[in-house]
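Just so you know, ligand 1 is whichever comes first in the structure, and atom 1 is the first atom listed for that ligand. Here, residue 1 is the first one in the sequence, and each next residue gets the next number.
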Amino acid sequence: MSDILVIGGGVIGLMTARELAETGAKVTLVEMSETGRESSWAGGGIVSPLYPWRYPDSVTALARWSQREYPQLCARLHEETGVDPELVRSGLLILDAEEEAPARTWAETNGAVIEALDAVALEASEPGLAPRPERVLWMPQIAQVRNPRLTRALRRSIEARVTIREHEEVVELLIDGDRATGARSRKGELRADRVVVCTGAWTGKLLEQIGASPEIHPVRGQMILFYGKPGEVRHIVLSHDHYVIPRRDGRILIGSTMEEVGFTKATTAEAKEELYRAAVELFPLLKHTPIEDHWSGLRPASPSGVPYIGGYPGIDGLSFNAGHYRNGLVTGPASARLLADLILGRDPITNPAPYALDASR
Ligand SMILES: Cc1cc2nc3c(=O)[nH]c(=O)nc-3n(C[C@H](O)[C@H](O)[C@H](O)COP(=O)(O)OP(=O)(O)OC[C@H]3O[C@@H](n4cnc5c(N)ncnc54)[C@H](O)[C@@H]3O)c2cc1C
């Protein structure tokens with residue numbers, strides 16, 4: 001019997017289990033495959049929403065809290081586990097000049113730094129980029145994290161404190177009257193005083209049994225990876241919804257597609273072509289760089305991208321942390337802390353109302 005059962009071992013489940021275990025609770029985490037292998041592995045790891053002004057304030061609030069937290073979180077994880085999540089403040093160049101007005105308004109309200117660069121400054125800052133005549137936007141504070149390393153470090157950091165059960169799919173929540181008492185997996189019953197659902201894109205499936213489940217559905221995203229050299233691309237670059245992310249070792253990610261194809265995780269030749277074209281249009285030098293990998297992940301899409309964080313109305317002991325859509329890496333630390341605050345009755349880090357299951361989105 002655990003105090004708390006966390007279902008789902010993506011970045012959200014891992015961070016939630018870690019927050020709760022730090023309070024001394026006896027936590028079990030159950031994962032149907034291996035921890036950190038789904039959307040949290042597939043993502044780009046940009047520690048900012050893309051075009052952050054397009055999101056509701058509730059997403060900005062989680063992102064800003066997490067952006068402040070990430071440096072110390074990554075330093076602690078590195079020290080505790082020896083795995084470096086490679087948090088790098090690469091800065092973000094946005095080539096869509098038409099975004100300047102909404103970007104500036106949003107930056108003023110939120111205290112974010114956004115500058116404009118002319119063609120000469122851009123050439124000096126990102127010499128591999130194909131020449132452009134217009135002004136571009138520059139957000140120097142934006143960082144990236146190497147998400148597969150982040151989830152590996154998170155897992156290692158909780159191994160000694162949290163019981164981790166992998167390759168164990170939860171098929172049913174155990175609910176006794178108006179109380180959650182655990183879950184049934186393909187291997188048996190897992191009893192707990194409290195159940196926290198962190199099952200990403202699969203959340204709707206798990207909750208069919210209780211009728212009104214949160215509105216979360218999968219949106220496939222594909223990425224390609226170039227085997228580049230350090231310095232070829234210096235900053236994260238965003239243009240017409242495509243982005244380029246340079247990793248510390250020189251590898252270069254290009255993302256991503258947005259596809260409504262249910263739970264199909266296959267990659268497609270069309271997406272590879274689309275991403276390749278976008279990449280070489282931005283950085284002609286990539287024509288000569290081999291493509292090393294191509295993958296996809298299922299984003300847990302919720303209305304307006306606002307995650308569900310909090311208790312399930314009418315069922316004691318059942319909570320959610322799911323539906324982070326395109327921003328689960330940047331909003332993860334705040335989401336986990338907020339849910340722990342709510343479960344433990346602490347002062348919440350931010351107003352929890354917009355994330356409640358019955359809040360309108
Ligand atoms: C191509 C792409 C690019 C992205 N780029 C970024 C980015 O740059 N920045 C950013 O912030 N976000 C990004 N995201 C979004 C981010 O990856 C997600 O929001 C985040 O990973 C969601 O985390 P999660 O833990 O909820 O989901 P997941 O990582 O999918 O984890 C859910 C886990 O639950 C498990 N599970 C499901 N059902 C069950 C069950 N019944 N029993 C047991 N286990 C179960 C699954 O196996 C899975 O491991 C991107 C996503 C994609 C696909």
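Among protein heavy atoms, atom 49 (O) of ligand 1 sits closest to Glu31 OE1, 2.6 Å. The nearest heavy-atom contact from the protein to atom 8 (O) of ligand 1 is Ile46 N, 2.9 Å. Counting only heavy atoms of the protein, atom 39 (C) of ligand 1 lies nearest to Thr199 CG2, 3.5 Å. Here the protein heavy atom with the shortest distance to atom 34 (O) of ligand 1 is Gly8 CA, 3.4 Å. The closest protein non-hydrogen atom to atom 50 (C) of ligand 1 is Gly43 CA, 3.5 Å. The protein atom (non-hydrogen) at minimum distance from atom 17 (O) of ligand 1 is Ser39 O, 3.1 Å. Nearest protein heavy-atom neighbour of atom 41 (N) of ligand 1: Val170 O, 2.9 Å. Atom 15 (C) of ligand 1 has as its closest protein heavy atom Tyr325 O, 3.2 Å.
Considering backbone and side-chain N/O of Leu298, none are found under 3.5 Å from N/O of ligand 1. By the 3.5 Å distance cut-off applied to N or O atoms, Gly297 is not counted among the residues near ligand 1. The N/O atoms of Gly45, backbone and side chain alike, include one that comes under 3.5 Å of an N/O atom in ligand 1. At a 3.5 angstrom cut-off on N or O pairs, Gly328 counts as close to ligand 1. Checking only distances, Leu329 does come within under 3.5 Å of ligand 1, N or O to N or O.
Taking a cut-off of under 4.0 Å to the non-hydrogen atoms of Ile12, the atoms of ligand 1 that pass are 23 (O), 24 (P), 25 (O), 26 (O). Contact atoms of ligand 1 toward Val11: 23 (O), 25 (O) (distance under 4.0 Å to a heavy atom of the residue). In summary, the atoms of ligand 1 found under 4.0 Å from a heavy atom of Gly44, numbered by their order in the structure, are 3 (C), 4 (C), 5 (N), 6 (C), 7 (C), 8 (O). The contact set between ligand 1 and Ser40, taken as ligand atoms under 4.0 Å from a residue heavy atom, comprises 20 (C), 21 (O), 23 (O), 24 (P), 25 (O), 28 (P), 29 (O). Below 4.0 Å from some heavy atom of Val330 lie the following atoms of ligand 1, by number and element: 10 (C), 11 (O). Near Gly200, with a cut-off below 4.0 Å to any heavy atom, the atoms of ligand 1 are 26 (O), 27 (O), 32 (C).
Contact annotation: for Cys198 versus ligand 1, heavy atoms closer than 4.0 Å belong to the backbone alone. When non-hydrogen atoms are compared, ligand 1 lies under 4.0 Å from neither the backbone nor the side chain of Gln144. Here Trp295 has no heavy atoms under 4.0 Å from ligand 1, in either its backbone or its side chain. For Met223, every heavy-atom contact with ligand 1 shorter than 4.0 Å involves the side chain, none the backbone.
Remark: of the listed residues Tyr355, Tyr308, Tyr312, Tyr312 is the sole one forming a ring pair (Phe, Tyr, Trp, His ring centres under 6.0 Å) with Phe320. Of the candidates Arg161, Arg156, Arg155, Glu159 forms a salt bridge (Lys or Arg N to Asp or Glu O under 4.0 Å) with just one, namely Arg155.
Among Glu38, Met32, Met15, Arg326, the residue whose heavy atom lies closest to atom 13 (C) of ligand 1 is Arg326.
A salt bridge does not link Arg165 to Glu31: none of the charged nitrogens lies less than 4.0 Å from a carboxylate oxygen. Comment: Arg104 engages Glu100 in a salt bridge, judged by a side-chain N to carboxylate O separation of less than 4.0 angstrom. By the 4.0 Å N-to-carboxylate-O rule, Arg135 lies too far from Glu98 to be salt-bridged with it. Using a 4.0 Å cut-off between charged side-chain N and carboxylate O, Asp241 and Arg54 make a salt bridge. For Lys265 and Glu38, the salt-bridge test passes: some basic side-chain N is under 4.0 Å from an acidic carboxylate O. A salt bridge is absent between Arg247 and Asp249; no separation between the charged side-chain nitrogens and carboxylate oxygens falls under 4.0 Å. With respect to Arg220 and Glu260, no salt bridge is recorded, no charged nitrogen being found less than 4.0 Å from a carboxylate O. Arg18 and Glu80 are joined by a salt bridge, as a carboxylate oxygen and a charged side-chain nitrogen come within less than 4.0 angstrom of each other. Electrostatic pairing of Arg191 and Glu189 counts as a salt bridge here, judged by a charged N lying under 4.0 Å from a carboxylate O.
Residue contacts with ligand 1: Trp41 is excluded, as none of its non-hydrogen atoms falls under 4.0 Å. Ligand 1 has no atom lying under 4.0 Å from any heavy atom of Ala322.
Side-chain contact check for Arg68 versus Leu73: every heavy-atom pair is 4.5 Å or farther apart.
Under the 4.5 Å side-chain heavy-atom criterion for ILVMFWY residues, a single connected hydrophobic cluster contains both Val162 and Leu77.
By the ring-ring contact (aromatic ring centres under 6.0 Å, His included) test, His217 is found to be paired with no residue, residues two or more places apart in sequence or in another chain being considered.
Relative ring orientation between Trp202 and Phe263 is described as tilted, the plane-to-plane angle lying within the 30° to 60° band.
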